Amino acid sequence: MHSVANFDIHYRQLLDAAGMPTGEWPGFGRDPAQLLAMYRMMTLCRVFDTKAINLQRTGRLGTYAPCTGQEATHVGVGAAMQADDVLFPVYREYGTQLWRGVTLAGIYTYWNGDERGTWFDGPRQDFPWCVPIASQMPHAAGAAMAFKVRGQARCAVAYIGDGGTSQGAFYEALNAAGAQTLPLVAVVVNNGWAISVPVAEQTAARTLAQKAIAAGIAGIQVDGNDIIAVRAVMEEALARARNGGGPTLVEALTYRLSDHTTADDATRYRPAGELEAAWQREPLLRTRHYLQAHGHWSDTQEAALRADCQAQVDAAVSAYQALPAASTDSMFEHLFAQLPHELQAQQASARHYAAHKG
Amino acid sequence: MHSVANFDIHYRQLLDAAGMPTGEWPGFGRDPAQLLAMYRMMTLCRVFDTKAINLQRTGRLGTYAPCTGQEATHVGVGAAMQADDVLFPVYREYGTQLWRGVTLAGIYTYWNGDERGTWFDGPRQDFPWCVPIASQMPHAAGAAMAFKVRGQARCAVAYIGDGGTSQGAFYEALNAAGAQTLPLVAVVVNNGWAISVPVAEQTAARTLAQKAIAAGIAGIQVDGNDIIAVRAVMEEALARARNGGGPTLVEALTYRLSDHTTADDATRYRPAGELEAAWQREPLLRTRHYLQAHGHWSDTQEAALRADCQAQVDAAVSAYQALPAASTDSMFEHLFAQLPHELQAQQASARHYAAHKG
Amino acid sequence: MAKLTLVEAINLALAHALQNDPDVVLMGEDIGRNGGVFRATAGLQQRFGALRVQDSVLAEGVIAGMAVGMAAQGLKPVAEIQFMGFIYPALDQICNHMARMRNRTRGRITLPIVVRMPHGGGIHAPEHHSESLESLLCHHAGLRVLCPSTPARAYGLLLAAIRNPDPVIFLEPTRLYRLARQEVEDDGVAADLDCCHLLREGQDVTVVCWGAATHDVLQAAHALESESIDCEVIDLSSLSPIDHNSILDSVARTGRLVIVHEAARNCGVGAEIAATVAERGLYHLHAPIRRVTGYDTVMPYFRLEHDYIPSVTRIADGIRETVQA
Amino acid sequence: MAKLTLVEAINLALAHALQNDPDVVLMGEDIGRNGGVFRATAGLQQRFGALRVQDSVLAEGVIAGMAVGMAAQGLKPVAEIQFMGFIYPALDQICNHMARMRNRTRGRITLPIVVRMPHGGGIHAPEHHSESLESLLCHHAGLRVLCPSTPARAYGLLLAAIRNPDPVIFLEPTRLYRLARQEVEDDGVAADLDCCHLLREGQDVTVVCWGAATHDVLQAAHALESESIDCEVIDLSSLSPIDHNSILDSVARTGRLVIVHEAARNCGVGAEIAATVAERGLYHLHAPIRRVTGYDTVMPYFRLEHDYIPSVTRIADGIRETVQA
Ligand SMILES: Cc1ncc(C[n+]2csc(CCOP(=O)(O)OP(=O)(O)O)c2C)c(N)n1
Ligand SMILES: Cc1ncc(C[n+]2csc(CCOP(=O)(O)OP(=O)(O)O)c2C)c(N)n1
Ligand SMILES: [Mg+2]
Ligand SMILES: [Mg+2]
């Protein structure tokens with residue numbers, strides 16, 4: 001009996017929970033402007049998220065999936081990507097989307113049950129939110145295949161949750177991307193929970209990064225609350241993919257500091273104390289500590305930033321609430337490039353009842 | 001950056017292609033009666049297979065999936081299992097099925113397009129052939145769950161092809177079985193090809209055994225043409241599973257010495273020379289060499305065995321060909337425990353047209 | 001006797017089955033610790049333990065596929081799919097295996113499985129949480145498909161489904177989960193399978209519907225009384241097999257047929273009912289058959305969902321036009 | 001002009017598309033090196049290379065899902081599912097994404113995809129190799145579903161499908177792959193979408209059918225001539241959307257309708273056609289609508305498959321009874 005293959009899974013952290021650097025930082029880490037841009041975006045996410053929950057509680061938004069606690073992963077990934085890369089989100093990675101140009105009002109519009117929220121003026125090719133868990137993974141592999149067919153130095157970046165790693169589509173897509181050496185980087189956001197199921201019940205795998213081994217691709221674990229490490233790991237993975245080095249699976253260890261969605265009540269299943277402990281590792285505070293310790297940030301600036309974020313969010317709320325209701329027709333408008341003749345009578349019926357509604 | 005998890009994939013061979021032992025043999029290997037029983041069954045498979053291809057070529061059987069070259073894996077797995085374990089085959093693992101009591105005539109009946117071939121008097125709980133690739137994997141996990149719920153010391157054994165490892169159902173089932181510590185042993189029969197696609201195009205993984213790592217379960221590679229190693233590895237995996245040690249993925253390295261099925265023509269896609277090289281590693285001859293070298297077998301016994309196998313196969317051919325055609329009704333007979341009233345008219349119609357046929 | 005909502009009645013039936021049959025095992029995403037996203041399984045894991053009420057990994061294919069393996073061993077799995085829009089990854093198992101195993105093995109391996117799931121829209125949920133896909137399942141022989149419309153029927157039908165030796169798809173109208181309460185006796189009595197139910201007798205027109213739509217149809221029927229239109233309302237209840245004889249009997253009396261469903265129209269279950277009446281009851285028809293259904297569009301996000309789901313007005317119009325035709 | 005079989009015509013159309021549009025990419029299991037298990041893609045990988053004609057990994061979900069990602073980038077993937085019975089793992093992608101992406105994104109992301117696959121039985125293949133599941137796909141808005149019945153139509157419809165900006169499911173009747181030859185010009189002319197085709201004019205009864213059944217229906221129609229029954233035969237061709245107006249026009253003339261399909265009856269496409277005629281053409285009907293279809297059983301293993309598939313005799317009986325009703 002001899003060994004025919006062996007594997008190591010590495011973990012990367014560059015900024016610890018106290019805000020202390022823990023390793024060699026890449027170039028962007030030495031540029032305060034870049035650090036501040038990322039910190040501002042994380043803060044915007046936090047403010048946006050808080051408002052969204054409030055909007056839902058007061059009946060002005062549908063069920064909403066919060067992002068609090070995961071901002072470093074989301075913004076770090078966004079900052080590492082190039083504009084012409086393509087993002088395949090799940091449903092709560094607003095930090096990446098906002099970084100890439102999706103609007104606050106668009107996100108609210110989406111969660112308010114309106115397809116128009118998926119129209120992205122910014123990243124025109126980015127995919128919209130993907131509700132059927134893991135089904136976005138092959139889309140990303142397909143986009144990566146298109147880049148390969150056309151010889152473009154672009155990457156597809158796909159998100160997936162820890163729960164999502166139980167779905168076949170996740171493995172299938174990684175395996176296919178590995179077999180065809182596609183420029184794909186998949187980010188498992190391991191936030192500890194899939195609604196009420198903790199990750200230890202989702203798999204016997206000690207890490208989710210090791211799922212890369214099944215596909216014969218690179219896998220790495222990163223502190224997902226550490227925006228420096230997330231961005232660094234992503235930049236390396238993206239560069240490798242762009243250079244024909246194939247896909248990478250990045251596991252970002254973070255925590256869902258909120259309920260699963262506003263329709264969920266995590267107190268039903270989450271052990272006491274876990275949430276409080278997780279708040280000690282959250283991403284914003286450690287970044288602020290670092291920035292303040294190095295003289296790049298002050299309490300005054302913080303207050304101004306909060307106010308600015310609030311103003312942006314308030315403007316977005318006004319914008320989505322001012323959007324006139326979609327017409328009933330719109331159900332038929334984008335079904336096909338050209339609506340088949342047979343469906344015109346149905347469209348007329350829908351229009352008729354819309355007019356006589358209420 | 002530090003390592004948080006590491007893994008080794010081992011390879012086991014106990015009888016090399018020349019018939020020389022290559023390691024420490026387990027108990028059964030020192031019992032000539034057991035070795036001979038396995039050799040006899042492998043030979044029966046070979047004879048059965050040759051006849052099946054001939055039957056298809058002469059219009060007496062439908063499309064057939066041959067097993068030549070894979071007998072050591074199939075018989076070795078069968079010999080390692082206990083009678084009350086449950087088998088979940090794909091479609092060409094006749095050696096395991098015959099060992100467990102499925103009849104030669106039953107297998108012919110199945111490939112002759114007749115459901116009655118799936119009635120197993122022997123292993124009553126074994127699953128029938130499973131055509132949709134990989135879909136048998138969760139069935140095996142489910143049976144294993146039933147054993148766990150009931151506290152039974154039984155195992156589910158599932159086969160899957162190298163091509164099958166690209167399907168999500170394969171990963172999903174292994175992951176679920178790992179998460180729930182189920183008594184499941186999955187055997188990947190890596191015969192090099194999935195119809196026309198070689199395993200190197202199916203995955204970037206160097207071994208298929210390493211796919212176990214994604215599920216956090218044990219994985220091992222074995223020389224699938226070496227019946228001693230196959231049985232030894234399986235016995236260990238089954239014992240571990242029975243003792244609550246969870247699932248194992250066994251990759252058996254073998255080769256499809258035939259076309260994919262009788263409807264296939266492998267000369268279209270298989271590189272010249274590969275087949276000839278593979279014949280040098282085939283399982284029967286090495287076993288015979290070992291047996292003869294150790295005085296357990298002779299040319300006369302070989303001739304008698306061949307004749308005996310031929311007689312068994314001929315009897316099976318007569319038996320399945322003597323089976324009266326199934327009635328048209330039988331389409332409705334086993335659809336439900338009790339046929340809903342609404343379907344009775346359809347059954348009558350089918351009966352009517354059967355009577356007026358030809 | 002307790003007054004229960006439909007989801008409470010389901011919980012009661014599940015508890016009864018778990019209590020009285022050691023082979024019954026529940027499985028599904030978030031059904032254990034969390035009690036199900038609609039609370040259908042609330043309290044059951046605490047009461048019966050984590051092996052009888054299992055939180056599954058997040059994979060519908062594995063849930064359905066493991067149910068096959070468990071049922072073949074004599075367990076009676078009751079699997080939950082969290083929303084019907086997530087049934088697709090389970091379809092290979094449901095259609096290629098559950099529906100076929102008894103037939104494939106000539107009765108050797110049989111599969112007493114129930115697959116439960118929320119059905120339909122109207123609760124302001126995100127995309128993929130409001131689907132009505134019954135027709136896909138009804139098209140496959142070897143499955144029974146049920147859809148209750150009241151708490152009491154939900155209790156009785158679910159017990160019948162669990163005791164049935166063959167696979168049953170059990171659709172639970174989300175809009176009705178908490179809409180109304182009804183007295184439900186926990187008597188362990190299973191309802192009859194394969195039959196529909198008369199909700200209201202009438203002379204002028206037969207209206208066939210199921211699930212949440214029954215409530216809208218009854219409202220429409222009530223409103224039409226003032227126009228002297230007397231509706232007979234049939235709750236299909238068993239979507240496959242369909243109790244065509246009862247529908248045909250009713251149409252023979254009323255001479256008119258309206259079918260109402262929330263699912264898309266094209267190749268929906270309504271088409272099957274209409275086709276069968278056009279085949280076996282044509283000479284009784286005094287007017288064209290009419291279907292009032294969801295449109296052949298994608299179920300819109302929730303701001304427009306009530307423009308998609310047949311409204312009481314739309315249903316009443318369909319009935320009125322059929323009676324006046 | 002060459003006389004081609006249906007599978008050769010498909011090969012010709014694929015070659016034409018690959019040759020004339022650099023965005024066309026073929027993908028599927030065994031379609032490259034091996035040329036497809038039915039030889040539909042024979043020679044194309046040699047001619048256009050392994051990036052234009054890709055051997056996919058063995059995973060239908062990945063094939064369909066990658067097609068979505070590729071199409072969103074402007075490629076025009078033509079994906080093959082090896083047999084229709086293996087479509088289930090692809091349904092989540094086809095129904096939840098392909099069919100919906102344009103609608104979901106308000107036209108921002110559009111998906112010019114073709115998903116080709118063999119359809120139907122009658123070729124003595126193993127289990128799961130003989131399925132007719134068109135109704136599942138037709139039930140989903142946002143997809144077009146086509147099924148050609150002759151080599152020339154296969155060529156023209158496949159080009160139309162590839163050029164269409166939206167997803168198209170393209171069903172290829174296996175029984176017809178090599179049944180007959182027809183002159184097919186490689187002129188690159190696409191056929192019209194969304195319409196049916198008159199195969200034979202007649203006075204007494206309208207018979208609607210598609211795929212392999214068209215050949216059996218034409219035989220039955222021919223046999224019935226001797227009984228002075230004059231059949232009008234319509235090849236549906238576009239299974240979704242259905243060209244109901246043409247069918248209604250025909251029924252208005254003949255007063256009778258028979259629908260023939262190989263798929264199971266319950267909730268099949270035949271039900272939709274019958275329901276629509278019972279809705280919009282009832283007053284033209286002189287006799288009950290009749291469906292001659294596969295039974296509501298599991299497609300049997302091949303020894304009984306011809307007892308399942310509507311035979312010429314069964315079709316003729318159905319037409320005769322309808323005419324005599
Ligand atoms: C196919 C499918 N099944 C079930 C669901 C319901 N559901 C929505 S989110 C979720 C849990 C996802 O957990 P995870 O992947 O860890 O992502 P997270 O929500 O933690 O970000 C479930 C079960 C779904 N959306 N899709
Ligand atoms: C879901 C599904 N897709 C496609 C097929 C068609 N098919 C039958 S066998 C096969 C190749 C299987 O290869 P592998 O898993 O290596 O098994 P082997 O035949 O080599 O034993 C394919 C593609 C199928 N049976 N099921
Ligand atoms: Mg999670
Ligand atoms: Mg193989």
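In this text the structure is predicted, and so the values were computed from the model without any measurement. Throughout, protein chains are lettered first and strands after them, A, B, ... in sequence-line order, and every chain is numbered starting at 1.
In terms of heavy atoms, A:W111 sits closest to C:P126 at CZ3-CG, 4.4 Å.
Side-chain N or O atoms of C:D30 include one that pairs as donor or acceptor with a backbone N or O of A:S196 at under 3.5 Å.
Residues of residues 294-301 of chain C lying under 4.5 angstrom from chain A, judged on non-hydrogen atoms, are C:Y295, C:D296, C:T297, C:V298, C:P300, C:Y301 by number. At a heavy-atom separation below 4.5 angstrom, chain A is approached by C:V37, C:R39 within residues 36-48 of chain C. Scanning residues 58-68 of chain C against chain A with a 4.5 Å non-hydrogen threshold yields C:L58, C:A59, C:E60, sorted by number. By a heavy-atom distance cut of under 4.5 Å, C:T313, C:R314, C:D317 are the residues of residues 311-322 of chain C near chain A, going up by number.
Heavy atoms of other residues, nucleotides or ligands lying less than 6.0 angstrom from CD of A:Q321 number more than 12.
Heavy atoms of C:Q82 lying under 4.5 Å from chain A belong exclusively to its side chain. Contacts between C:Y308 and chain A at a heavy-atom distance below 4.5 Å involve backbone atoms as well as side-chain atoms. For A:I195, the parts sitting under 4.5 Å from any heavy atom of chain C are the backbone and the side chain alike. Proximity to chain C (any heavy atom under 4.5 Å) is restricted, for A:T118, to the side chain, taken from C-beta onward. Contact of A:S330 with chain C is made through the side chain alone, with heavy-atom distances under 4.5 Å.
Contact count against chain A (heavy-atom pairs under 4.5 Å) is highest for C:R33 among C:R33, C:R265, C:H124. Chosen from A:W129, A:F170, A:Y110, the residue pairing most often with chain C at heavy-atom distances under 4.5 Å is A:Y110. Chain C forms more heavy-atom pairs under 4.5 Å with one residue of A:G163, A:A65, A:S327 than with any other, namely A:G163.
C:N34 CG to A:D265 CG: the interatomic distance, rounded to the nearest 0.5 Å, is 8.0 Å.
No side-chain heavy atom of A:D114 sits under 4.5 Å from any side-chain heavy atom of C:F302. Between A:E115 and C:R303, every side-chain heavy-atom pair lies at or beyond the 4.5 Å cut-off. Side-chain contact between C:V57 and A:E201 is absent, with no heavy atoms from C-beta onward closer than 4.5 Å.
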